[in-house]
> 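Take a look at the following structure, please.
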Protein chains: 2
Amino acid sequence: MRPTVHDIAAAAGVSLATVDRVLNQRPGVRLVTREKVETAIREIGYIRDVAAANLAKGRVYPLVFIVPTGDNSFMHGLRSEVHHATLRASIERTDIRIVEVPPFDVPALVSALDALLGQDIAGVALVATDAPEVRAAVGRLVSERIPVVTLVSDLTDSARHHYAGIDNIAAGRTAARLLGRFLGGREGEITVLAGSMLVRDHRERLQGFSDVMAEEFPKLRLLPVLEGRDDPELAGSLVSRALAQSRDIIGIYNLGAGNRGLITALKAVRPERELTVVVHELTQHTRAALVDGTIDAVLNQDAGHEVRSAIRVMKATADGQAVIADQERIRLDIFLKDNLP
Amino acid sequence: MRPTVHDIAAAAGVSLATVDRVLNQRPGVRLVTREKVETAIREIGYIRDVAAANLAKGRVYPLVFIVPTGDNSFMHGLRSEVHHATLRASIERTDIRIVEVPPFDVPALVSALDALLGQDIAGVALVATDAPEVRAAVGRLVSERIPVVTLVSDLTDSARHHYAGIDNIAAGRTAARLLGRFLGGREGEITVLAGSMLVRDHRERLQGFSDVMAEEFPKLRLLPVLEGRDDPELAGSLVSRALAQSRDIIGIYNLGAGNRGLITALKAVRPERELTVVVHELTQHTRAALVDGTIDAVLNQDAGHEVRSAIRVMKATADGQAVIADQERIRLDIFLKDNLP
DNA sequence: AAATTTTTGATTTACGTACATCAGAAATGG
DNA sequence: CCATTTCTGATGTACGTAAATCAAAAATTT
């Protein structure tokens, strides 16, 4: 059987109360005694039974998710996954609050973060807009010992405890290689559509994409990036205009949201123009487009995994527990029409 | 607060003991009373606190993993992941036993399964060899109410509760599309290397691969399948011979193990022959080959995820609990040189 | 209606930990 | 050496559930 507090008490030759004081770093234990207990803990390999401890404590984890508003499918899906997590709240002893802020709005995000200061909170997960003000606000939370996890998009040089999202540089590089290899040595122009260069995930995807294109596919020329602000309408009209302006475009990479508009624009020029297209985020729209051949590959991050991972990490961090790092690595999913879930 | 057994007792107007009898399906409760209690459970939305219940029961889950011996990297990795899981045993209340059997050996697998009959076991996970005898042995375990999970390779028409592995038809289809598109309209021969047609995962991958090749890439001709028995030596020599026999081979798909041998064979003909290669399983060898360009894509299943998922499912099944289906879906990872973890 | 069987209630202990209280022991100060 | 402070032990309750025991009530049979 697994050792308990009683075993430590016996091994260290002290009472249960003293063991408890040491374990929960309560005052009133002499240094020598504390060391005696800590040695016993190490020697018999005691591990606290977290389930029993939580039961005794009546522990609940008040968590806050700060997510952007906006009607693109990905953020919609993300909010819905957080909502799903609230349904498991009683089982998981969580108490999840969702705070919505306008997208790409630094002051709004900062005030949402600062509003949490001083509150009794076991963790904060946020989709970060990468700005110094946000970094500072996160720093304030961390210095109050509140676990902070960035979700989907990371925050440069910040004190956040964890990032629950994909490696976006790798994502951009992968998109470039897929596009390059699918185009098999052809020559032409590539147009890139992004949401905003204010968020780190988009910047990183572009960087990775540009790097591989330059290194490995010199015959493909990148056109200036179109910024669609993750808005389907805007994205669609930008792409339509670009396609009308140049007949040499043979590939498109959408590293942001707004695929609905992009797909409409593609279908409008469909039979005449032969285009290889790689986009991000598997939604009902991109899935259908993948199946009917409008799109060639979809890179995806599983919002459900990200949310569940963020919750696990926040809880573990709040308890000072370790996490299975490998289990919390968010993977980049590559979908072709053949491996759709 | 979340409702407890006391709340049900009060709501149903019965004693705690009766609630307990109903919850744990113990005898000695009249039908009408049982229904009264069950109604109360539903109405106030009671959910058993599994942590508290396990604590009270002193529950441990004795689990058995049946994995093939064999020195290919994938099975090595799988065994090591199961071993890792044993290290978390005390935390997860599991007691994991690993049973090794020779690969592709039906009688050995059957006797390993039958040896478990009558033992006190909370679940069995096995890498299935797809044969009627195995199916029958699994049926015997299931009829003794022992949860059975197939791992990596599934068992056709069997009573197993769950399959913790990837969709191998989709994997084969994906491999075909990657190979086809990477070859960009060229004409030539494709050689396929498998382990054994006795395991369902290999058969399914081949089927998916052949289907897509036939439907979408008619210029690529499939050569007869080489069976390398997942043995690096044999795989290497088969491929070397095939390459020597035909100068028209432009693509290779290894849907089994034994990549070490394949990679050696490829390097031997390297500068002259231009080959596009897709293989399964990310190991140190395939990773290096991907980086140096010997291989173009690696399809992978994460053995760690599979093992952890199998454990979660066996525990949940033993307790008659539901699982988050989405969380237990094992995904097909596609690795190019850009998105290696 | 009595005897019997079946069902229900009341109560207790246990799981491993947290936390509080109070008395007593040991260490420290003067 | 005494007074004081600091430490330690002993004990009890709680968390939510499981499981056992025994008594009492209700239903069933004779």
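These numbers come from a predicted model, not from an experiment. Note on naming: letters A, B, ... go to the chains in the order of the sequence lines (proteins, then strands), and numbering restarts at 1 for each one.
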> Nearest whole Å is fine: how far is D:dA14 C1' from A:Leu55 CG?
9 Å
> Look at the side chain of B:Asn24 and the backbone N and O of B:Arg26, then say whether any donor-acceptor pair between them is shorter than 3.5 Å.
no
> With a 3.5 Å distance limit and no angle check, can you tell me whether B:Arg93 reaches the backbone of B:Arg59 through a side-chain donor-acceptor pair?
yes
> Please determine whether a side-chain nitrogen or oxygen atom of A:Ser15 lies at a distance below 4.0 Å from atom OP1 or OP2 of D:dA10.
no
> Could you check which residues of residues 6-14 of chain A get a heavy atom under 4.0 Å from DNA chain D? Sort them by number, please.
A:Gly13, A:Val14
> For A:Arg2, check salt bridge (charged side-chain N to carboxylate O under 4.0 Å, His left out) against everything at least two apart and list the hits.
none
> Rounded to whole angstrom units, what separation is found between the CG atom of B:Leu31 and the P atom of C:dT6?
16 Å
> Looking at B:Arg79 and B:Glu100, does any basic side-chain N land under 4.0 Å from a carboxylate oxygen?
yes
> In whole Å, what is the span from the CG atom of A:Asp49 to the C1' atom of C:dG16?
6 Å
> Under 4.0 Å, counting only non-hydrogen atoms across every strand here, what does B:Gly28 touch: a base, just sugar-phosphate, or nothing?
base
> Could you pull out all residues at least two apart from A:Arg30 that satisfy salt bridge (charged side-chain N to carboxylate O under 4.0 Å, His left out)?
none
> Using atom CD1 of B:Ile41 as one end and atom P of D:dG16 as the other, report the distance to the nearest whole Å.
17 Å
> Which pairs, with at least one residue in residues 141-152 of chain A and sequence neighbours excluded, count as a side-chain hydrogen bond (donor to acceptor under 3.5 Å, both in side chains)?
A:Thr150-A:Asp154
> Expressed as a whole number of angstroms, how long is the span from A:Arg59:CZ to C:dC19:C1'?
15 Å
> Could you point out which residue of B:Ile98, B:Asp95, B:Thr94 forms a side-chain contact (heavy atoms from CB on, under 4.5 Å) with B:Leu63?
B:Thr94
> Could you run through nucleotides 18-30 of chain D and give me one letter per nucleotide, 5' to 3': B if any protein heavy atom sits under 4.0 Å from the base, S if only the sugar-phosphate is that close, - if neither?
SB-B-----S---
> Are the side chain of A:Thr283 and the backbone of A:Ser73 linked by a donor-acceptor contact shorter than 3.5 Å?
no
> In whole Å, I'd like the distance from the NZ atom of B:Lys36 to the C1' atom of C:dT7.
11 Å
> How long is the line joining CZ of A:Arg2 and C1' of C:dG16, in whole Å?
9 Å
> Given atom CG of A:Leu16 and atom C1' of C:dC22, what is their separation to the nearest angstrom?
17 Å
> If the condition is side-chain hydrogen bond (donor to acceptor under 3.5 Å, both in side chains), which residues does A:Gln119 pass it with, not counting sequence neighbours?
A:Arg97
